[in-house]
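Each ligand, and each atom within it, is numbered from 1 in the order the structure gives. Keep in mind that the numbers below use all heavy atoms, side chains included, and drop hydrogens, waters and symmetry copies.
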Amino acid sequence: MELSIVIPVYNEEENLPLLHRALHAGLANCRYAWEAVLVDDGSRDNSPAVLEQLAREDPDHIRVVFLRRNFGQTAAIAAGIDHAQGDIIVLMDADLQNDPADIPMLISKLEEGYDVVSGWRKDRKDPFLTRVLPSHLANALISWVTGVHLHDYGCTLKAYRREVLEGFRLYGEMHRFIPAYAASVGARITEVPVKHHPRKFGKSKYGLARTLKVVLDLFTVKFLLSYFYKPIYLFGGLGLALILPSLILLVYLIVRRIFWHVALMTSPLFQMSLMFIILGFQALLMGLIAELLVRTYHEAQGKPTYTVRRVLNLPSEE
Ligand code: UDP
Ligand code: MG
């Protein structure tokens, strides 16, 4: 199996047969053997039955994973990736807002030597105020914070080389951050405009609230990307930034008390400097604990602190 298309499904009964047809139409001229891994994310409509039927009719292309309950899109995607057998993994939505006809184009970009090809819904067909505008803001924020500049993090339609997905655990709404993670392990990334259609059947599972979750996830991602290997740099830096100025202030207050006989308590400065020194030490200690956790994490997983692109004249060479 060379190409796996991972598709999360939650209450998409009307879309599934159309999706199946669109996959065959879009991939008719594809040079790769392909499978579609459909993950039923605890649908409460007729989707499971439709999926079962598709799997029966088209066993060469359709694989189905049924989750026990609704775990959310990201978890469903993670399950799909875990069950996918292809060397190339394409993610997309089940609601036909993404178009499988774009997949060969994404793959030809991968063949140019990229590891991640990100779809960009240049002409997006979703409500402007609740979806498109917040998403523009979120994209600008994510690009700025992660330093990986993409127009459309939220577009599910993206193609990945399998290696860049390995070792990355997906939580919360994190599937959109895969490109930022991939960049941090040295993947080459590009983006291409893809088609986008309005949803014809079923309804969107998201609204404005999702953007907030995305922003919160961004904190985690930034922390993991920039400080995961050295959390002490963040916590310790914060700690020192609190301790040093406060210490100087404290010394000044004490000197003033001794030589100029100005009472320590004339203003809140004395308590403030003490408080910031204590906070600073807390931050430092938290950093040390985080360092211990990170070491445990890496050692427990046998995870190296680097990723290799290629080796020469070594047994692991392909
Ligand atoms: N989805 C899912 N689990 C959920 C919510 C959504 O698997 O809890 C799937 C859904 O079936 C669709 C994709 O995730 O294939 C994107 O969902 P949706 O179209 O509602 O999001 P939007 O396109 O509006 O951002
Ligand atoms: Mg959709």
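Considering backbone and side-chain atoms alike, A76 places every N or O at 3.5 Å or more from each N or O of ligand 1. Taking distance alone, with nitrogen or oxygen atoms compared against 3.5 Å, R124 stays at or beyond that limit from ligand 1. Checking only distances, K203 never comes within under 3.5 Å of ligand 1, N or O to N or O. Close N/O approach between R131 and ligand 1 is found [any backbone or side-chain N/O within under 3.5 Å]. Annotation: Q97 places an N or O atom under 3.5 Å from an N or O atom of ligand 1; distance criterion only.
The backbone N or O of D95 sits nowhere less than 3.5 Å from a side-chain atom of E12 that would complete a donor-acceptor pair.
Residue R31 places its CZ atom among 12 or fewer non-hydrogen atoms of other residues, nucleotides or ligands, all under 6.0 Å distant. For NZ of K205, the number of neighbouring non-hydrogen atoms (other residues, nucleotides, ligands) closer than 6.0 Å is greater than 12. More than 12 heavy atoms of other residues, nucleotides or ligands sit less than 6.0 Å from atom NZ of K230. Heavy atoms from other residues, nucleotides or ligands lying under 6.0 Å from OH of Y252 number 12 at most. By the 6.0 Å contact criterion, OH on Y233 is open, its count of non-hydrogen atoms from other residues, nucleotides or ligands being 12 or less.
The nearest protein atom to atom 21 (O) of ligand 1, hydrogens excluded, is given as Y206 CD1, 3.2 Å; this is a heavy-atom distance. With hydrogens left out, the protein atom closest to atom 1 (N) of ligand 1 is Y10 CB, 3.7 Å, a heavy atom. Annotation: atom 24 (O) of ligand 1 to nearest protein heavy atom, S204 OG, 2.5 Å. The protein heavy atom nearest to atom 19 (O) of ligand 1 is D95 OD2, 2.5 Å. What sits closest to atom 9 (C) of ligand 1 on the protein, heavy atoms only, is P8 O, 3.8 Å. Of all protein heavy atoms, the one closest to atom 20 (O) of ligand 1 is K205 N, 2.7 Å. If you check which protein heavy atom lies closest to atom 3 (N) of ligand 1, you get D41 OD2, 2.6 Å.
Of all atoms in ligand 1, numbered sequentially from 1 with element shown, those under 4.0 Å from a heavy atom of D93 are 13 (C), 15 (O), 16 (C), 23 (O). Annotation for ligand 1: atoms under 4.0 Å from non-hydrogen atoms of N70 are 3 (N), 4 (C), 8 (O). Atoms of ligand 1 lying under 4.0 Å from any heavy atom of A94, numbered from 1 in the order shown and given with element: 15 (O). Counting the atoms of ligand 1 from 1 in the order shown, those under 4.0 Å from a heavy atom of E12 are 10 (C), 11 (O), 12 (C), 15 (O). Below 4.0 Å from some heavy atom of R199 lie the following atoms of ligand 1, by number and element: 18 (P), 19 (O), 20 (O).
Seen from the ring of Y297, R295 does not count as a face-on cation partner, given the 6.0 Å and 45° thresholds.
Between F66 and L51 there is a side-chain heavy-atom pair separated by less than 4.5 Å. By the 4.5 Å heavy-atom criterion applied to side chains, Y10 and D40 are not counted as neighbours. With a 4.5 Å cut-off on side-chain heavy atoms, L91 and I81 count as touching.
Checked by atom type, the side-chain pair R124/S135 shows a donor-acceptor distance below 3.5 Å.
Between W34 and H61, the ring planes are parallel. Angles under 30° get that label, and only those over 60° would be called perpendicular. Note: F235 and F223 have perpendicular aromatic rings, judged against thresholds of 30 and 60 degrees for the angle between ring planes.
Considering CD1 of I7 and CG of D41, their distance stands at 14.0 Å, rounded to 0.5 Å.
Between S4 and G86 the shortest heavy-atom distance is OG-N, 2.7 Å.
Protein N/O/S atoms found under 2.8 Å from the Mg ion (ligand 2): D95 OD2, Q97 OE1.
Contacts with ligand 1 closer than 4.0 Å are made by side-chain heavy atoms of R210 only, the backbone lying farther away.
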